[in-house]
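Following: one structure in structure tokens, then a few remarks.
Naming: A, B, ... by sequence-line order, numbering from 1 per chain. Only a predicted model underlies this, so the values are computations on that prediction, with no experimental measurement involved.
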Protein chains: 2
Amino acid sequence: MSESLKTTSVPQAVYDALRESIVTSAEAPGALLTETAIAVRYGVARPTAKAALERLVSEGLLSRRPHHAAQVTELSRDDIEDLYGNRALLEEAALGILASDGVVPIAALSVHRELLEHARADNRAALARTDVEFHRALVLAQHSTRLAKMHGLLMGEIELCIGQVQSHQLIRPDEIAEQHQSILDAVAARDVDLAARLTREHIIYARDRLLQKYDDDHSEDS
Amino acid sequence: MSESLKTTSVPQAVYDALRESIVTSAEAPGALLTETAIAVRYGVARPTAKAALERLVSEGLLSRRPHHAAQVTELSRDDIEDLYGNRALLEEAALGILASDGVVPIAALSVHRELLEHARADNRAALARTDVEFHRALVLAQHSTRLAKMHGLLMGEIELCIGQVQSHQLIRPDEIAEQHQSILDAVAARDVDLAARLTREHIIYARDRLLQKYDDDHSEDS
DNA sequence: GCTCGTACACTTGCTAGACAATGTCCGAGT
DNA sequence: ACTCGGACATTGTCTAGCAAGTGTACGAGC
């Protein structure tokens, strides 16, 4: 007990670990997670595990019926469309605010550079993760706390979505990077309409690639 | 134990009761709510009270620092603008969807009739409550579950906002009812742009009345 | 052989109590 | 007047356990 830096609270740590294993699909969709199983896995008491599970349920990553074990949410095609439609709405608004202020957020810039690195190395898994981080950084940069909160809620499920459909397999790194650059340019140029339009197109583009992969995966069975 | 229908779970009941007393400003903004105090007030165990408090914190109705009692969130002028700005964004999108489908939701219609009753009786408190319910019903009627979830999150804080600024005092019942009717008409006529525009104007109108009252209340002190 | 009902195992719902860790505040000593 | 120390309040987390709901599998009856 000397090496642990006690970075956060115990339930937070359990939540983080559990969330990570869910969005990376280490826990398959539909997998059952009982409170006691989580408790023994991370060496915590059952109420602690329960708190982490309930939080994940409220964020939509887990589902549960009253007296049953929680299970990893299985996203349908409609869910994907819903998620990305609302994401487009929110990010379009966020980028509009950023562009009208003409402030290019430095946090997003550094993430963008990191993303370029991954693109050059053709590391698609890392790129998918950094892509999410880039969009988070953009939305966090504008001042509306509620917009950021709602966006965070959506992005949680979107990460799960990206994990379940292994969409990073068909990502085109150069296109992603280029689209991000265009958006940043529009913000710097204070072109509100362009920034909003490019953002929506970028997200719809991502959605379509996801849906395409989803359909491919689901065409052989049934 | 024969008359109680056991309508919901215990934490849910505590949550409901607590939420009610918060949004009605029975608990003044800034009031301290300790876990033990809530537990004894409702005759439940401390973990149960804790769960209810944590849920309210996650919804923004309560604030808390790590080892301190939770307290009722005090909304600032910026918070009001933020809440209503995002509310306009979401409801504009929701009404756009409804109008493009051309389906006037029956749930919203019945709430609208109830609202007309309150308007006729000039019961402003009930009207404010029904107004919120009307907007919830509208958003619930479109099919996007995420949009409804995010809207619900916002409306929680908005109810608190309405309670803190006693805004119902300066509501004009006839104007509210008329604006709602116009929106419903636009949806029935499948006029997407009009429905969206009227919705935004209606919300901005409500926001401005709220801000006006807020400024009046805060001009004498300081 | 099939259907129905019952009992059991699993899991959560909720409670009780305890101890540790932390933050606040007030008073004592300098 | 200022600093330091300790008491108090509050939450964080754990252990323990009972009650209640749900599904399943087994056995009885037809």
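- With respect to B/R200 and B/E91, no salt bridge is recorded, no charged nitrogen being found less than 4.0 Å from a carboxylate O.
- Closest to the side chain of A/A45, out of C/dG13, D/dT15, C/dT24, is D/dT15.
- Protein atom CG of A/L53 is 12 Å distant from nucleotide atom C1' of C/dT11, rounded to whole Å.
- Using cut-offs of 30° and 60° on the angle between ring planes, the pair B/H180 and B/H135 is perpendicular.
- For B/H67, the listed nucleotide lying nearest its side chain is D/dT10; candidates were D/dT10, C/dT12, D/dT13.
- One donor-acceptor pair, N or O on each side, does fall under 3.5 Å between the base of D/dT13 and the side chain of B/R46.
- Inspection of the A/R65 and A/Q71 side chains reveals no N or O donor paired with an N or O acceptor under 3.5 Å.
- Of the two residues near DNA chain D, B/R64 and A/V44, the one whose nearest nucleotide lies more 5' is B/R64.
- Summarising the geometry, the separation between CD on A/Q12 and P on D/dT13 is reported as 10 Å, rounded to the nearest angstrom.
- Closest to the side chain of B/P47, out of D/dT15, C/dT12, C/dT15, is C/dT15.
- Remark: C1' of D/dC14 and CD of A/E35 are 15 Å apart, rounded to the nearest angstrom.
- In this structure, of C/dT15, D/dT13, C/dT12, it is D/dT13 that holds the atom nearest to the side chain of B/K50.
- Here the straight-line distance linking atom CG of A/L62 with atom CD of A/E54 works out to 11.0 Å at 0.5 Å rounding.
- Using a 4.0 Å cut-off, some side-chain N or O of B/H68 falls inside it from OP1 or OP2 of C/dT24.
- Here B/P66 lies in heavy-atom contact (under 4.0 Å) with sugar-phosphate atoms only.
- Candidate nucleotides C/dT15, C/dT12, D/dT11 were compared by shortest atom distance to the side chain of B/V10, and C/dT15 ranks first.
- What separates CD of B/E54 from C1' of D/dT13 is a distance of 12 Å, to the nearest Å.
- Every residue was checked against the salt bridge (charged side-chain N to carboxylate O under 4.0 Å, His left out) condition with A/R207, not counting sequence neighbours, and none meets it.
- Spacing between atom CD1 of A/I38 and atom C1' of C/dT12 amounts to 14 Å, rounded to whole angstrom units.
- Contact annotation: A/R65 does not reach the phosphate of C/dT12 (side-chain N/O to OP1 or OP2, under 4.0 Å).
- Counting only heavy atoms from C-beta on, B/T34 has its side chain closest to D/dT10 among D/dT10, D/dT13, C/dT15.
- Going from atom CG of B/L32 over to atom P of C/dG23 covers 17 Å, rounded to whole Å.
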